[in-house]
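Remarks on the structure that follows.
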Amino acid sequence: QSCHSPGKNNVANGAFNMSDAGSSDVKALQQLCLSTLGRIDRDQPANSILIKQITPQNLGGTPNHPFKQTDAGARTRFVNAILAWAAGEK
């Protein structure tokens, strides 16, 4: 489980509860999708908080998120997946 699950990190969970990511409950997944979509900048998806939180600050990320994806390949795959998903949600 990620930090964003009940009992892992109360601050992270309160900011963005992702505990239903592994769920098979359609309603729970729909709610998670809506919550995640709220973190997407629909005009400029590459500038979305969902991406900036995991991006190192020296690469344009936010200073406040404790986890930063420093593996450039993994970060690129994450960003590409978010951008493809966001494009499909327009």
Between Ile40, Val79, Asp41, which is the residue that forms a side-chain contact (heavy atoms from CB on, under 4.5 Å) with Leu50? Ile40
Lys68 side chain vs Gln53 backbone, donor-acceptor pair below 3.5 Å: yes
Heavy atoms from other residues, nucleotides or ligands near CG of Asn64 exceed 12 (cutoff 6.0 Å): yes
Polar side-chain atom of His4 near backbone of Phe16 as donor-acceptor pair, under 3.5 Å: yes
May I ask whether Phe78 and Phe67 are part of the same hydrophobic cluster, defined by side-chain heavy atoms of I, L, V, M, F, W, Y residues being less than 4.5 angstrom apart, directly or through others? yes
Rounded distance [0.5 Å steps], CG in Leu34 versus CZ in Arg39: 13.0 Å
Under a single-linkage definition using a 4.5 Å side-chain heavy-atom cutoff for Ile, Leu, Val, Met, Phe, Trp and Tyr, are Ile54 and Leu37 assigned to the same hydrophobic cluster? yes
Heavy-atom closest pair, residues Asp20 and Leu29: O-CD2, 3.2 Å
Looking only at atom types and distance, does a side-chain atom of Arg75 sit under 3.5 Å from a main-chain N or O of Gln69, one as donor and one as acceptor? yes
Provide the closest heavy-atom pair for Arg42 versus Glu89 in the form atom of the first, atom of the second, distance. NH1-O, 3.8 Å
Do any N or O atoms from the side chain of Lys52 and from the backbone of Ala46 form a donor-acceptor pair under 3.5 angstrom? no
Roughly how far, to the nearest 0.5 Å, is SG of Cys3 from CE of Met18? 10.0 Å
Quick one: does Pro6's side chain get under 4.5 Å of Asn17's, heavy atoms only? yes
Strictly by modelled atom types, are Asp25 and Ser23 linked by a side-chain donor-acceptor pair under 3.5 Å? no
Does one hydrophobic cluster hold both Leu83 and Ile49, with members joined at side-chain heavy-atom distances below 4.5 Å? no
